[in-house]
Structures are given as C-alpha cells and as structure tokens.
2 protein chains.
Amino acid sequence: MTMEIICINGVQFMLREYGKGHKWCHGQFKARGYRMTLGREAILDVLAQANRHLSAEDIFMKVYKVYPNIGLTSVYRTLDILVNIGLVHKFDFGHGRARYELAEEPKGRRHHHHLVCTGCSRVIDYEDFIDEEVALLKKTEEALSIKYNFTIMNHLIQFYGLCQICRNEGK
Amino acid sequence: MTMEIICINGVQFMLREYGKGHKWCHGQFKARGYRMTLGREAILDVLAQANRHLSAEDIFMKVYKVYPNIGLTSVYRTLDILVNIGLVHKFDFGHGRARYELAEEPKGRRHHHHLVCTGCSRVIDYEDFIDEEVALLKKTEEALSIKYNFTIMNHLIQFYGLCQICRNEGK
DNA sequence: ACATTAATTGATAATGGTTATCATTTACAG
DNA sequence: CTGTAAATGATAACCATTATCAATTAATGT
C-alpha cells in the first residue's frame, strides 16, 4: 500500500491508496471545482474503511470520533456530491434511511448484490457471481442502452425474502 | 372477465377478476383475520387499475374521488398489510417516497424491471426479458437460496443512468 | 507570507413522508 | 340483533433529509 503526506489547513494527512485512493479522489474533487477539507477527508476515510453500507448517521458518528467539528449537514452535503460524482453509491433498502458505500471498492472488496430479509431487515451481501451472470448482465445492459437510448451507469439488484432465523420464527 | 356481486356494510360491490382477482384477495385477507372494508376494497381497485407504481398519496387521491371518507392513515395501513401478505410490492427509487404496485399483475401486465434516470427521476419499466435472462435469474435465485439458506420471495432490479434528454442536457 | 474571495461549514429551523395515539365507528361471528 | 374486537380518520408525533444564514476557511493571486 503506497502512502503520501498531504497538508490541509496546516494539518498533515496520510493519503492511503485504497484502490483508486484518496489522491485520485482529491483529483476528482478538484477537477469539478470542489475544495478538499478536513471533514471531506475524514468522510472518505470512513467510507474507505467501512465494510458495510453505512447510513448518513453512521458516517457522522464515525467521523465525529476523529473530527468532532463535523456536522451532520456536511455529511449529507458531501455524500450528495460523492454520489453525483459517481464515487459513492446510494442504496435504499426500504428501511427509512439511505445507505451509502464507496463505488470503488477498497480492500479488495468487489461489486456485490444484496439479499434483504423482510423479517429482520438484515442485509446479506453476496459477490460470488457466476461468470455467466456477469456476462448476461453486461449483455442486458447493452441491449437496454440501445433499446431505450439510456446510458446505464450503475445497477441495483436485491432479492427480498426471509433469512433462516425469520423463516423459523414464522412457524 | 368474470364478475360477482358482494355486499360490504350494506353497499353492493362488483368483484372484478383481475388476474387473481378481488375475490381471491378477499380470501387472503379473511384467512389472516383481517376484515374487508370499503376503503380496502377501493384501494385494491385503484391498485388493480393502475398501470404504474403509485405513491401512497397517489393512491389516497385516487381512492378519495370514489370514497371521500378515506384517510391517508388507512392507505398506509392497508398498504402495509398488503405488502406483508405479499400482494403488493413496495419499491424505493430513492426519491423520498415509496412506490407500490400489485404483485399479481392485472390487465396482462407482467413482471418488469426498472430503468431509473438519475437526472430527471423518470422511471422506465421494461418487461421484455430475454428467455436467457429469466432462466439465469431463476438459477441464481436457487443457488442463493441454498448457499445463504434464504427464502427468496421477490426481487428488485434497477439500472441507474441517464435518459436521452438528460444526457443531452449534460453537454 | 498575506489579502481576497467564494466555497464550505455547523447550528438551527423547516420540510415532508410515514407512524403512533386515541376516541369513535364498523364488520362480522354468534 | 348484539357484543366485541378490528378498523377508521383526525391529529400530533416522529425522524431522515434539506434549506437558511452568518461565520469560517481553502485556494488563488500578489
């Protein structure tokens, strides 16, 4: 893992390279006229280290531990920018709050889909696609792009049902 | 289309058979200890006649025209029951409000997936699956069921991107 | 380094979809 | 017809998200 020291507002930061790392994120921000701040840096850090889809409040609390000046509003604002840039995916499992996760998966995590339990709200990620599945998905996206003249940027695939525990409770 | 007259609270109602029709819905309600009321009847009617995913307020307004006694609260309550029974699917396109549609598709409509434009929030339904797609989806569901011991009841597949209009505006 | 300026911030209030409360009404079994 | 628990609608509460706005700050040019 490569490292680099940068300096924001007089404070030194280590830029770790998770996949397309922070350095790259900085570039993306800058290129679009956004400024890099301590808060945004910390939010990116939290997202990069998370291994689950976090809610805005989850992110706020994690950032707060490291940077207590953070405000919930800024978390929402930054997430909004990140989603628009395409760096972050925003999901909704129907539990009343949105969930966010880095589009470029750090730590070797890969793209995954979700199994959502309608009983206990648990969400299981699975990423063990069969090659056939990936190939067909790609083919489907291409066909849809052409047929509906629609540029596909991302997809969301969720299976709803009951996990083992909830199924047994239903007896 | 078969018809049948029933009587709720002294008022006559025609039970139309949309796919698994109202008669069947009544049975589902009763079997679970719920009562059939004018409001619920009207909500089912609206859902059966809708050809797009409606929000709770959409449904409220449509029902109101036919049954002005309806309250928004009851719409939410009934939808909640219908979702739990499995008669209605609840979607969230990330626009701040949930969308509902009958699981058993009336009027010959079939199961479909969504193209969601992140620019204008438009939602395009498509139901022209390739046979291959259906077959693989089924296979995937079976594999996931076994691997994660998870009973799959439903799935949600959405492709996010830009429609023609929004893509051109982005220039 | 320093000054300038517009982007960013956080505290606060407002918004809006959904849910809880509760007294009244109503479906329906006996 | 009656008893009773389910269902209702009006209202208030809830909670995630957004808008507002004065104060702060990152980045640019000097």
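Naming convention: chains lettered A, B, ... in sequence-line order (proteins, then strands); numbering from 1 in each chain. Side chains are part of it too, since the values below use all heavy atoms of this structure and drop only hydrogens, waters and symmetry mates. A quick note: this is a predicted structure, and the numbers were derived from the prediction, not measured.
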Worksheet item: Would the H89(B) and Y160(A) ring centres measure less than 6.0 Å apart?
Response: no

Worksheet entry | Separation of dT9(C) C1' from Y64(A) OH (nearest whole Å) | 16 Å

Practice prompt. Can you see which heavy atom on Y126(A) is nearest to which on H112(A), and at what distance?
Written response: O-CB, 3.1 Å

Item to complete: Figure out the CZ/C1' separation between F29(A) and dA7(C), and round it to whole Å.
Response: 13 Å

Practice prompt. Give me the ring orientation class for F93(B) and H95(B): parallel if the planes are under 30° apart, tilted from 30 to 60°, perpendicular past 60°.
Written response: tilted

Practice prompt. Inspect the surroundings of CD in E57(A) and state if more than 12 heavy atoms from other residues, nucleotides or ligands are less than 6.0 Å away.
Written response: no

Item to complete: Would you mind reading off the distance between M36(B) atom CE and dT8(D) atom P, rounded to a whole angstrom?
Response: 10 Å

Worksheet item: Pick the nucleotide of DNA chain C nearest each of K30(B) and R99(B); which residue has the one closer to the 5' end?
Response: R99(B)

Worksheet item: Whole-Å distance between dG16(C) P and F60(B) CZ?
Response: 17 Å

Response to the item:
Rounded to whole Å, the NE2-C1' distance (H95(B) to dT18(C)) equals 18 Å

Practice prompt. Could you list all the salt bridge (charged side-chain N to carboxylate O under 4.0 Å, His left out) pairs where at least one residue sits in residues 144-162 of chain A, not counting sequence neighbours?
Written response: K147(A)-D128(B)

Item to complete: Name the nucleic acid region contacted by R97(B), choosing base, sugar-phosphate or nothing; use a 4.0 angstrom heavy-atom cut-off, strictly under.
Response: sugar-phosphate

Worksheet, complete the sentence: Terminal axes of the helix from dA1(C)-dT30(D) to dG30(C)-dC1(D) (5 end pairs apiece), angle rounded to 10 degrees, sit apart by 40°

Fill in: Euclidean distance, atom OH of residue Y67(B) to atom P of dT25(C) [Å, nearest integer]
13 Å

Item to complete: Check the side chains of H113(B) and D125(B) for a donor-acceptor pair under 3.5 angstrom, ignoring hydrogens and angles.
Response: no

Worksheet, complete the sentence: Atom CZ of R35(A) and atom C1' of dT25(D) are separated, to the nearest Å, by 8 Å

Discussion item. Expected output is a numbered-order residue list: members of residues 71-83 of chain A with a heavy atom under 4.0 Å from any atom of DNA chain C. What is it?
Written reply: G71(A), T73(A), S74(A), R77(A)

Worksheet entry | Side-chain H-bond candidate by donor/acceptor type, H155(B) with H111(B), under 3.5 Å | yes

Practice prompt. Check whether any side-chain N or O of S145(B) sits under 3.5 Å from a backbone N or O of T151(B) as a donor-acceptor pair, and report yes or no.
Written response: no

Discussion item. In whole Å, I'd like the distance from the CD1 atom of I70(A) to the P atom of dT25(D).
Written reply: 13 Å

